[in-house]
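For reference, the structure is listed below as structure tokens.
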Amino acid sequence: MRTTRSEGVLSRRAYMSKAIRLVLRTEAVCDERDTGWQLLYGTETGLELANPENSLLVSASQALELEPRLKPLLEPDTPPEGAAYAFDAQTQVFLPTKMPKNIPTQ
């Protein structure tokens with residue numbers, strides 16, 4: 001039976017603050033269920049994210065419970081790897097942004 005890739009990595013900082021403000025789609029996956037999504041608070045360092053104890057594999061439904069505005073981004077096959085989105089407080093949506101340089105993406 002094939003496992004559906006429907007999970008992403010939530011940072012400890014996003015989990016503790018109950019806020020996702022930066023969303024990355026990368027090639028970095030931890031197992032066959034992982035979609036490559038990194039759901040971040042937005043102030044994490046690369047060193048912090050390189051430590052597996054600072055992240056949690058969560059389902060898309062769990063991520064949406066924490067941040068319902070992620071729904072358009074978590075649709076199957078969108079967006080491609082290498083995409084980054086930051087939450088814009090003024091418009092209340094996630095907008096394309098540059099991929100942070102210090103975040104592990106592979």
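Sequential numbering from 1 along the given sequence is applied to the chain's residues.
For R69, the side chain to side chain donor-acceptor pair (under 3.5 Å) partners are E67, Q92, not counting sequence neighbours. Every residue meeting the side chain to side chain contact (heavy atoms under 4.5 Å, CB included) condition with T91, not counting sequence neighbours, appears here in chain and number order: D88, V93, L95. In this structure A86 satisfies the side chain to side chain contact (heavy atoms under 4.5 Å, CB included) test together with L22, T97, sequence neighbours excluded. With sequence neighbours left out, Y15 forms a ring pair (Phe, Tyr, Trp, His ring centres under 6.0 Å) with no residue at all.
The two atoms that bring A14 and L66 nearest to each other are O-CD2, 4.3 Å, heavy atoms only. When all heavy atoms of E7 and S59 are compared, the pair lying nearest together is CG-CA, 3.8 Å.
A salt bridge (charged side-chain N to carboxylate O under 4.0 Å, His left out) check over residues 46-65, counting only residues at least two apart or in different chains, returns the pairs R13-E48.
Annotation: the span from L73 atom CG to L64 atom CG amounts to 9.5 Å, rounded to 0.5 Å. Going from atom CG of L49 over to atom OG of S55 covers 7.5 Å, rounded to the nearest 0.5 Å. We find the OH-CG distance between Y85 and L70 to be 11.5 Å, quoted to the nearest 0.5 Å. Here the straight-line distance linking atom CZ of R25 with atom CE of M99 works out to 10.5 Å at 0.5 Å rounding. Between Q38 atom CD and I20 atom CD1 the span is 12.0 Å, to the nearest 0.5 Å.
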Practice task
Go through the steps to decide whether V9 and L56 satisfy the test side chain to side chain contact (heavy atoms under 4.5 Å, CB included), and finish with yes or no.
Solution key: CA-CA 5 Å; V9 175; L56 174 68; over 6 Å; no
Exercise for the section: Could you give me the CA-CA distance, side-chain angles and deciding distance for E44 and S11, then say whether side-chain hydrogen bond (donor to acceptor under 3.5 Å, both in side chains) is met? Expected result: CA-CA 8 Å; E44 295 87 346; S11 74; 2.5 Å; yes
Practice task
Let me see the working for L40 and R21 under side chain to side chain contact (heavy atoms under 4.5 Å, CB included), right down to the final yes or no.
Solution key: CA-CA 6 Å; L40 310 174; R21 298 293 177 250; over 6 Å; no
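Side-chain contacts under 4.5 Å among hydrophobic residues (ILVMFWY), followed directly or transitively, place Y41 with no other residue at all.
Using a 4.5 Å cut-off on side-chain heavy atoms (C-beta onward), V23 and F94 make contact.
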